[in-house]
Amino acid sequence: MENELKLENTIVKSDSLLKEKLWVVIPVILLLGLAVTLIYNHHAEFSWDGFVQGFDENLLVFFLIGVFAQLVDGALGMGYGATSTSFLLAYGVSPVLSSTAVHVSEMFTTGASALSHHRFGNINKKLVKHLLIPGVLGSITGAYLLSDVIDGDIIKPFIAVYMIILAVVIIRKALRKSVVKKKTKKLGVLAVFGGFMDSVGGGGWGPIVTSTLLGRGRNPKYTIGSVNAAEFAISFASGITFMLFGGIHGWQIIIGLILGGVISAPIAAYLVNKIKRKPMMVAVGILIILLSLKTLSKLL
């Protein structure tokens, strides 16, 4: 009887250890597979001269945008897409190119962020599972519409207005004095909407999903870590959809965002419980509003 109990405990521990490893193994395999696929399919687009010429001030700008956007997103649970898209639009990059570059780069940066949050124990696995599939379905739908149906030039001012609305949401959540804990209903609907708007607008998963969950009184550490972990699947799905229907362009932007985001992801995950969230959220919100107003001023 005692031997049977020991054997049963050993099997339970082995299953638990395997499931724990999958949270690391699956993102790593997907990222390696993505990197190999991109290199195999697009190696002809690169030459040594083009590689050298690509290292200019523009790459540095995109790298810094990637660093800042990932620090914001990893530490606040929101803002990578909104921040990076606002900067790119203000820099003169088109909506389709901005959204494609942001989501392709996010396939790597959110993977690094998810692994970092897992390393620091910031993930509620049950919450991730509730957000995963609905968020992926919403992101695929939005990415398809932007790649193959919606005219990027027409939607550009609407995206800028959408970014201002997201910024107001971020600031409003930051200035809320007290939060009464409430049960979050319809997580699937929230995830579908967040994934859809994230793909179409180039950002929104964090401001919509994270801010709603935090507004319901959920623990900031586990909410931020879990939403960031789910965002890896959302970004992966939308990035693949952009590749299939719109192709990949703007490699300099993508590489700059990836390098900046991957480098700063572990730092951001560490800073989750180290920084004062409210002043940071207000500052990020104001920055996004200013960048979006700049974009609108160019279009009017």
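Bear in mind the structure is a predicted one, so any value in this text is a computation, not a measurement.
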Quiz prompt | Verdict with supporting geometry, I240 and M107, side-chain contact (heavy atoms from CB on, under 4.5 Å) | solution = CA-CA 9 Å; I240 293 294; M107 294 163 80; 3.9 Å; yes

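- Counting Ile, Leu, Val, Met, Phe, Trp and Tyr side chains that sit under 4.5 Å apart, directly or through other members, Y222 stands alone, with no cluster partners.
- Residues T241 and T141 fail the side-chain proximity criterion, which asks for heavy atoms closer than 4.5 Å.
- Distance CG/L131 to CD1/I234: 7.0 Å, rounded to 0.5 Å.
- The distance from atom OG of S235 to atom CG of D198, rounded to the nearest 0.5 Å, is 6.0 Å.
- Residue-environment remark: CD1 (I263) exceeds the threshold of 12 foreign heavy atoms within 6.0 Å.
- Summarising the geometry of A229 relative to I123, their closest heavy-atom pair is CB-CD1, 3.8 Å, with the distance given to 0.1 Å.
- I133 and W205 sit in two unconnected hydrophobic clusters of ILVMFWY residues. Membership requires side-chain heavy atoms under 4.5 Å apart, directly or through other members.
- Considering only residues two or more places apart in sequence or on other chains, T110 meets the side-chain hydrogen bond (donor to acceptor under 3.5 Å, both in side chains) condition with none of them.
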What donor-acceptor contacts under 3.5 angstrom involve side-chain atoms of residues 189-197, with partners at least two apart or in another chain?
none

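- Atom CG of N124 and atom OG1 of T223 lie 8.0 Å apart (nearest 0.5 Å).
- A side-chain contact (heavy atoms from CB on, under 4.5 Å) with L257 is found for exactly one of I65, V262, T109, namely I65.
- The aromatic rings of F68 and F87 stand perpendicular to each other, their planes meeting at an angle above 60°, with 30° marking the opposite boundary.
- For F232, the ring-ring contact (aromatic ring centres under 6.0 Å, His included) criterion is met by F236, not counting sequence neighbours.
- Of the inter-residue distances, the one linking Q252 atom CD with L60 atom CG reads 10.5 Å to the nearest 0.5 angstrom.
- Follow the hydrophobic side-chain contacts under 4.5 Å out from I254 and you reach L259 in the same cluster.
- Counted by atom type alone, S113 and N228 present one or more donor-acceptor pairs between their side chains at under 3.5 Å.
- Nearest heavy atoms, I253 versus V93: CD1-CG1, 3.9 Å.
- Both V136 and L187 are members of a single hydrophobic cluster when ILVMFWY side chains are connected at heavy-atom separations under 4.5 Å.
- Note that the CD atom of Q70 and the OG atom of S116 stand 8.0 Å from one another [nearest 0.5 Å].
- When all heavy atoms of S139 and S199 are compared, the closest pair comes out as O-OG, 2.7 Å.
- Nearest heavy-atom pair, L89 versus S98, reported as atom, atom and distance to 0.1 Å: CD2-OG, 3.9 Å.
- Residues satisfying the side-chain hydrogen bond (donor to acceptor under 3.5 Å, both in side chains) criterion with S105, sequence neighbours excluded, are Y80.
- Not counting sequence neighbours, the partners of F62 by the ring-ring contact (aromatic ring centres under 6.0 Å, His included) test are Y91.
- L64 contributes atom CG, which lies 9.5 Å from atom CG of L59 (distance to the nearest 0.5 angstrom).
- Smallest separation of non-hydrogen atoms from F120 and N122: O-OD1, 3.1 Å.
- For the residue pair V67 and S264, the shortest heavy atom distance occurs at O-OG, 3.3 Å.
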